[in-house]
Each structure stands twice: as C-alpha cells, then as structure tokens.
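Encoded as structure tokens, the structure appears first; notes follow it.
Quick note: numbers below take in every heavy atom, side chains included, and nothing from hydrogens, waters or symmetry partners. Note on naming: letters A, B, ... go to the chains in the order of the sequence lines (proteins, then strands), and numbering restarts at 1 for each one.
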Number of protein chains: 2
Amino acid sequence: MDGLIMDEQLLLSSLLWRTERLFADKKIITRLETGKYHEYTYGDFAKRVRKLASALEKAGIKPGDRVGTLAWNHYRHFELYYAIPSVEAVCHTINMRLFPEQQRYIVNHAEDVMLFLDADQVPNVEAMAADGIDTVRQYVVLCDADEMPETSLSPVMSYEEFIATGDDDFEFREFSERTAAAMCYTSATTGDPKGVLFTHRGIVLQTMLETSHDKLGLSENQVWLEVAPMFHCNGWNLPHACLMQGATLVFLGVHPTDIDYVQTIEDLKVTGINAAVTVGNMIRDFVVASDREWDLNSLETLWLGGSAPPRAVMDWFEQTYGTWVLQGYGHTESSPQICFNYLKTTLQDEDPERIWQLRLTGGLPFPLMKVRIVDDEGNELPWDGESMGNIHVRSPYTASGYYNDERTKDAIIDGWLNTGDIGAITPEGFVMLKDRQKDLIKSGGEWISSIDLENALMSHPKVREASVFAVPDEKWNERPVAAVVPVDSADAPGEDELREFLGKDFAKWWLPDRYLTVTEVPKTSVGKYDKKRLRGMVAEGGIDNVTATIGV
Amino acid sequence: MDGLIMDEQLLLSSLLWRTERLFADKKIITRLETGKYHEYTYGDFAKRVRKLASALEKAGIKPGDRVGTLAWNHYRHFELYYAIPSVEAVCHTINMRLFPEQQRYIVNHAEDVMLFLDADQVPNVEAMAADGIDTVRQYVVLCDADEMPETSLSPVMSYEEFIATGDDDFEFREFSERTAAAMCYTSATTGDPKGVLFTHRGIVLQTMLETSHDKLGLSENQVWLEVAPMFHCNGWNLPHACLMQGATLVFLGVHPTDIDYVQTIEDLKVTGINAAVTVGNMIRDFVVASDREWDLNSLETLWLGGSAPPRAVMDWFEQTYGTWVLQGYGHTESSPQICFNYLKTTLQDEDPERIWQLRLTGGLPFPLMKVRIVDDEGNELPWDGESMGNIHVRSPYTASGYYNDERTKDAIIDGWLNTGDIGAITPEGFVMLKDRQKDLIKSGGEWISSIDLENALMSHPKVREASVFAVPDEKWNERPVAAVVPVDSADAPGEDELREFLGKDFAKWWLPDRYLTVTEVPKTSVGKYDKKRLRGMVAEGGIDNVTATIGV
C-alpha cells in the first residue's frame, strides 16, 4: 500500500538524538574510589560516544563483531553501551562474578574481537589469556593513560588513549532495528552458559515501557542509582530509560561497599534504585547498625529483582523513609522484564493481607508481553491462582533462542520461550513464581513450591533469609529441606518454632523435614539462591553434617 | 545472527491481549442522548470486538480493504477501531464536519467497501450515494435493530444485527506491524483532501509514548474523556492509551452540547480531557455563565490541541480547578504527536514569564521523533529560538507520503516530511509554531509570524480569539490584518488600544494594519482558523467592508 508510515528504525541512537538536544545539561554521575564524584552531562556523554564509535571503526570493528566488556557500573561502561552498537557491533557484557573458566568459555564462544576491562580485572584476564582467548585482537583498560597497570596483555592501551584516536564528527547511521546491540550470557541448568542477543528494537521497547506511568514511570525529575550490574541485561535497561527521559543517572563505580551505597544516596538525593534483593537487605542492615542517622528520605522507589524481597525489608523502607519497594519478574531472555508489580485501582478495597500477597508476586505482564502457564503435556492452565505450570513467554523483546547454541531447540515450544520457571497466575493477572523447574520439589507425585515456603519463612521476624530445596528421599522421591539465616545468630528460631509457624498456612506434607541454621545462603553469580550447591553440600556431607558446612 | 529477539509484531491486538486479561473489569462509558450512560467493561468490549471482526470476515472484508466510519465518539466506534484492523483491513474514519462533496471524494478515493454510520448521518450519506459512491457494498447504521431509521441506502442493516452475525471465538492473528490499521484524510492547501495511512506499529508506538511519565503519563487510575473527534487521527490515540493502561474511558456520544461536557465531567469525576482549544474556551464560558456551581475538581489534566490555548483560559482552569492545561504540536501525518509540552526541571528557576512563553509553545519533540527547521534553500537552521524555517519531521510514526496521491513527491524532502508549518526552536528544544507555510505573511521581504501576533492578542484581557492573516499590499507585497473576537461585544478593544498593546513586544512593521472586530473567527473542519476564508472575505468585500461580513 502506498503512503505508509516511514520505515524509521528503533535504534539506540534515536534515543540519543533527542537526549543530546533536549537534555544536554542533565547529569551522569559516577562515584570514584576517592569518595569524590565524576560528573558530566548527557551532552558530554554524547560527544564521547561519537568519538568512541569512530575509534572503534578505526580499530577495525565491523558490523556484527562482538566487543566484550568486563567492567563495573560507571560512565565509561555506559559510553560503550552506545558506541559499540552505533557501529552495528554487539556490546558483550561479561559477568564479572563468574569463575574465570566460565568467562573464558564465554569470550571464546562469543568470539569477542576486543575486550574493554576495568583495571582490577587485569590479573583475571591475564590468566584467561594464558589459557587462550584467541579471537581478542586488542585490550583496552578503562582508565586514564597515567593509571595504566602493569600487564602482560598485548596489545593493550588505556581507554582515554583509545578514545582519543576517534573523530568528533562521527555520524549515527540508520540500519535495521533487528540488529543485535548487546549480548549477555545466562547460566544454564546443565552445561555452559548460554548467550542471549538483545536487539536495538527490544531494548528501545523495554526502555519506553520503563518510562510508562503504571510500570516504573521513570521521569526526568528523578535521580536514579543504577545498582543492578551493567553486565547483567543492560543493567535492566535503567541507564537507557534515564537517558531517554533525561533523568539524572548515578553509578556506584568500582568496588562499592555498603557505606558507599548509603553515602551516595544521601549525597546525591537519589530518588530511585534498582538492585538485587540482597542489596535492600544490606542497606537496611547498614543503616540499622550505623551509629549515625542517614537521611535517605529522597528515596521514593526501590526496585528489587532476582527473587521476592522479604516483607520485613519492604516494610522497613516504607516506614523509615516512605520508600515504595516494588519488584518485577524477569530473566535475561526477555531483556529482562516479563512482569512488573503494580496494584490496580480495582484492588484498592481488597483485604490488606491479600494486597501484601499480591505485592510479593512478580506482578502483571508487561505491555506487549504474552504469558501462559502450561502443564508438562503442553496444555494451557487457567489463571486461577492455583494451577501451577511451566511459565512460557513471547514478546517483541524476548529471545527466539540462544546464540549459536543447540539448546535453543529445547527452549522454544510452539513459538513460546520456556522460562524454566514454575508459576501460577491469579485471575487478575499477577504471576506468582513458585519455583525453578530445576529446583522443583516433587514429593509423593505432588509439587511443593519452594518459593512459597521461602516467602513464608522470610515473613518470620527472626528469619533474614531462607532457601528451601529438595533432597532425595526413598519413600517420597524428594522432600524439602530449609536453610535459614537468622536475623540474630544468638536468637536463631528453632525447628519446632519454624514448623509450627509454617503449619498455619501449609499442609503438613509441604513442611520441610529439616531446618538448617546457616550464616549465609550460597548464591549464584547473579544473586539467586544456588540450590544446586545446597543440594551438593547435603549430598556430600549428609543432612546431619550440613549445618557446619554451609555458610563457611 | 542466530538467536535474535523474536519477531513478534506491534499490533493493536497485542495491546488488547493484555487488557482483556488484566483490566477486564475496568469501564468504557458513553453518554447517551437520554442523559444516561452506557457502561460496559473492557472485557465486554473485547468480546464484541471478536464478534465484530468475525462478522466483518463473513461479510467478505479482505486484508487491505478500507472500511469507512462516519460517526461520533462512542463505544461502537471504538469497537470498529479494533475489529477492522484485526482482519487486516483499514478503519477509515471520515471527518463528519466536511462538506458532503468532500466526503464523497474521500469515500471514492479510499474506495471504501463498507460504511458504518451514525443514524444522524443517514440523510447526508443518502445524498452522497445519490451522487455515486460506487465501491460501498454494505451500509451499517450504528444502532439497535429497533432504532433503524427509514433510509434509501441499500443494502443496509443495524450494527447490532450485523455484530450478531459474528462468532464469539474469533482468534486474533499475527501479521506485519507495517500493515495499515487506520486512515484519515487531511485537508490540503490546494485541491482535494489527502489520505494518511496509520500502521499498527505507528499507533502502538505513539500509544506507548502517551503513557510515558513525562509525556502525557496516562495511567490506570485515571478517567479520560475523549473529546477530540474519533474521526481525527484515532482520537489522538487517547482511546488506545486508555485501553493499554486500563484507564476508564469516557465518550460523549452523539451531538453533545456544552452542558453535556460539564455534566459528564462532574458525574463521572473525569480526571483528563483531550480536546481542541475551542472546547476549553467553551467549558469555561459555560461554567462562568452558569447559575450553579460545577464541581470539576476531579479534572487534573486538560490536553488542548489544534492551536495554542489562550493564556487566560489556561490560567482560569488552573486557578478554578487546579487543572494543568498543556498542549502538544501535532498533525495527521505524524499519528499525530510531534511535540508535547513538558517543563524540564532545569527550567524551574527560570523567570515565570519565560516559563509561560515556553508553556505556550508546541513543546519538546516526542521520543523517536526527529525535527529540523530548514530555510527555503534546504539549509538546516540553528535551534536559537530566533531562526524561523520550514519544520521537517521524521519518525517511526510519521507518514512516508499520502495514499495514492502524487502530492507525496512535494511533501517528502530527503526522507523528511515537510509539515507545512513555519517554526523556530529554542536552545532547550521547544518548538515554537510561527505560521502555516500557506498563511505566512511576507512583508517587505521579511516574515511576520501570525501566530506570535495571535498569541499576544489573545493575552489581552478583552480578547477572546484573534486571527492574523495576510492581505495583498502594493508597496509591501503583503501586510497583516487581525480579526478579533472580544470577550464582551459591548466592550470591544479599540484599534489604538490593540496597536499600543502589541507595540510593547513587536517591531512597528510587524503590527497589523487593521483590527477587525468580529463575532467569530471562521474555522476549518478540524477547528483551526480558516485563513483562506478570511482572505477570501477580505478580497471579496475589501477591508473596509469586512467587519460586517465576517462572523455572520
């Protein structure tokens, strides 16, 4: 049909076009290890992105190339977020918390041709290089020329020297929005990590939705502290949403400790944070233990992800600082938001306890996202809040598979992506996560939701963290066991106390057989409970000996 | 590259998928001529859309077919908005305010195969049919079977009979997001109206942006009264944004008068309205003249379009009801928003008078929209707030041309669409409309902005409306003349008073040579000042005789 809408593409550079002009004076701030802040504007940022993009082209980066980053959250990392995709290459953010052998696998699998790394990552990358990362042609350390560490990496140069090789007049060009802009590997149930490619289109759509009023509602007058690692799913696209709206964007820089979080919020009057659930706990613990008052009253929104936040922490933030704690449900493959927690007005007259239960769910599907739950035979299950099934998703920001990986064929079912999660959906559309498919506890032929038990345990006043996992059982096939971190190790809740507490809400056969008091629950590189490791510990030592083993 | 993001399409049905599930209990309300309201839910709506889509298919509607509507704002019209595009056909909304001969041209040019019309449109369409609208195979009157008017149209049936022929189990299907979903004709400077096609993709993108926090920020807890005609640019996509968010959506139904607007706002506690500037004036006049108090305190947002709202009206709403009046700048070709007025935090310390001046501009370019101003030689002009030029736009929701129309070649310049507007852009990015290219006043080789003069005149306390237009002049080529509607006809401002008032802000050669007191400024079918007609009146009668002519 003649005269249709222009074929303009949804590119990261189309977001930047506007910000460069409308919000050139708004700021990007990075905490430095000196305790000072590096500040510059989106105008400065855009100029450096142009220069960096030009430098990448001069260095021979071609469309489709993967360029790796091993970096903390800071402005240079964010410059790479825009410059690499601007030359049609892929910004491959590597998880700094993985074991070196996994990182080496990832670099080799992605065939990264360049690697940008923070100075503290040099020894690690030297070790990788010694074992072979053959496609990398150039290393760039994210520092000034006079800060360059000694290194055997070669060829190597400092970031500021590298950026200086670029021209100022790089022009952003048009290409297909279906071009990959970024990439990130996600851990797999079995085997090596799997690569997920994010397209310009997918990132732009999710970014727009984060600014939508009933979702995150991110706006220009806010100050956001990007705590979620930038190596994980584009920092949940929060830096992109700040850029789109011209909101002040704050990074914590290299090696932040608990006081750095709190000091930065106070110093810069931060209004919002996105972070893993553990960070919420950490901030609370730090403030509670501190011998001075902290003015965190600017903090309006605490967006927690990775797992359900403990109700006590949500409550504490709301009552101490008036902070609204909310959560989403996401995964790397959906760039990453699947759901976002929002309380519809029609629920306002509900029983407060029911509202709390809904706030603890993953929330409502994001716009343009389709969600279904299916049983193991592939039958779709009703949204009745009871039926548990495999969560499948499809959307214009969900991966159609994994990068060069034959596990794609197991992940895609009739055009839907199998999330690997087990859930139920309430009649109003709230998605309740019940378990990972791999962590599912099947006792006597019935499913037990470890997440329901964990959330219940974490609502106990003496419990700080709880993880429930399956152990083999001769009679029932599997039985649940709980690992519990007490708020106060001198006043840990006893087995009977916890069993009785859970007994009010759950059938007897759901109750864990054992309650292990531990000092810490082992976590994966992205902060989720590492149940494989918990199961391994129990298998090695036997349940009776595990208490001493875990948390060391 | 293998493993990219899914090729899911941005379709109207993907918005509906979510609303049908998450907001099935939220309401769509239509004022009836009886003074009562028709209420049903988005759940009911979605069921009827499925049935209607099925009925359209059974009636032989094929992908690409144009299906016309000649209708007021109501729930049935909104059902057509979704059902017609769901069968890959084009919902062609016809401007009810055009002359019958223009409407007949439009129906024939679009080759509409069906026509859905309100009962009051029957005589009009009968006249058109008598003159020949040969492609229309079926007429459907938007009423119940027992409300069918007598008519010579044939074949004809009632909407409720038509919808009853559909099946309940129609499944929304996937197709390209670049498929046209809707269509609307826009008046041309010379010649017949021009057809603009809106794709699913363009509508979905604009709809998402209307929910974005710093743009309209439309959210679920709001109640919106859709006043902008649904025949004009999808009602500015406001019904779509309400549907996406699950906001309560209110339509004024057939033949609303001033009291109906006010009564509906009060009855339903409306929080937002989108309307032409004249509607704002009308509501104020009605309330001020009314002998009872009206509680319109629920009204938070009044989004006015079409031209700059008078400052006095903006002030009145804010002071009387705490209503924030804002405006955008748009046109049919950009589906329709180009800009939206938002005050960045960095401007908060500006002089209040400067903030007012910025509030009276078209605002900041929408995300994904690129705007430039160029001189007649095609040179790009700086954003300095002074340089006036032709406004060009490009975006993923801007038309690449007109439907089957050779005027496309004049409208598209190097991939940009020429809006036909003259403007300047401030350094902060606020787009200031100065004139229509066709209305431009060129006096002694220099441009004079009629819009600047109009806005200044309308800030005079005795002026209600003002239009400034060019008249031929032997010496200067053209000179400006003002047509002024006084607030109180018994206390109309004199020529000297107005000249002196303008003289404070404008160079002497900018000041209109004559100030004509009129009872009404003639307007186009979409509510804009009809300067062609003003010029014609002056040409016919001479300036000296025009006062008596205009406004009769």
Which residue out of [options] racks up the most heavy-atom pairs below 4.5 Å with chain A?
| options | result |
| --- | --- |
| B/F23, B/W383, B/Y397 | B/W383 |
| B/T199, B/T398, B/I412, B/T179 | B/T398 |
| B/S14, B/G217, B/S334 | B/G217 |
| B/L209, B/L11, B/T211 | B/T211 |
| B/P365, B/G202, B/A180 | B/P365 |

Atom group of [X] that falls short of 4.5 Å from chain B, counting heavy atoms:
| X | value |
| --- | --- |
| A/L417 | both |
| A/E428 | backbone |
| A/L218 | backbone |
| A/R201 | side chain |
| A/V204 | side chain |
| A/Q9 | both |

Over all atoms of both residues, closest heavy-atom pair of A/A399 and B/I5: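 Heavy atoms of A/A399 and B/I5 come nearest at N-CD1, 3.8 Å.
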B/M6 versus A/W416, closest heavy-atom pair with distance: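 It is CE-C, 4.2 Å.
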Point-to-point distance, once rounded to the nearest 0.5 Å, from CG of B/L4 to CZ of A/F198: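 Going from the CG atom of B/L4 to the CZ atom of A/F198 covers 11.5 Å.
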Any side-chain heavy-atom pair of B/K26 and A/T346 under 4.5 Å: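 In short, these two side chains touch, coming nearer than 4.5 Å.
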Close side-chain approach of B/P367 and A/M244, heavy atoms under 4.5 Å: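 In short, these two side chains touch, coming nearer than 4.5 Å.
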Crowding at NZ, B/K370 (>12 non-hydrogen neighbours, <6.0 Å):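 Yes, enclosed.
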A/D384, CG: over 12 other non-hydrogen atoms inside 6.0 angstrom: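 Yes - once you tally the heavy atoms of other residues, nucleotides and ligands closer than 6.0 Å, there are more than 12.
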Among A/D7, A/L216, A/N221, residue most engaged with chain B (heavy-atom pairs, under 4.5 Å):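 Ranked by heavy-atom pairs under 4.5 Å with chain B, first place is A/D7.
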Heavy-atom pairs under 4.5 Å with chain B, option from A/L205, A/T408, A/L15 with the top count: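 Heavy-atom pairs under 4.5 Å are most numerous for A/L205.
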Does any backbone or side-chain atom of [X] lie under 4.5 Å from a heavy atom of chain A? Answer side chain, backbone, both or neither.
| X | answer |
| --- | --- |
| B/S335 | side chain |
| B/F430 | neither |
| B/Y402 | backbone |
| B/E210 | neither |
| B/R394 | both |
| B/M183 | neither |

Parallel, tilted or perpendicular, as decided by the 30° and 60° cut-offs, for the rings of B/H213 and A/H213: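 Answer is parallel, since the angle falls under 30°.
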Modelled atom types, side-chain donor and acceptor of A/Q245 and B/K215, under 3.5 Å: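 The answer is yes; a qualifying pair exists.
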A/G429 backbone acceptor or donor facing B/R21 side chain under 3.5 Å: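 Between the backbone of A/G429 and the side chain of B/R21 there is no qualifying donor-acceptor contact (under 3.5 Å).
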Sidechain-backbone polar pair: B/K344 side chain, A/L22 backbone, donor-acceptor under 3.5 Å: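 At least one qualifying donor-acceptor pair exists.
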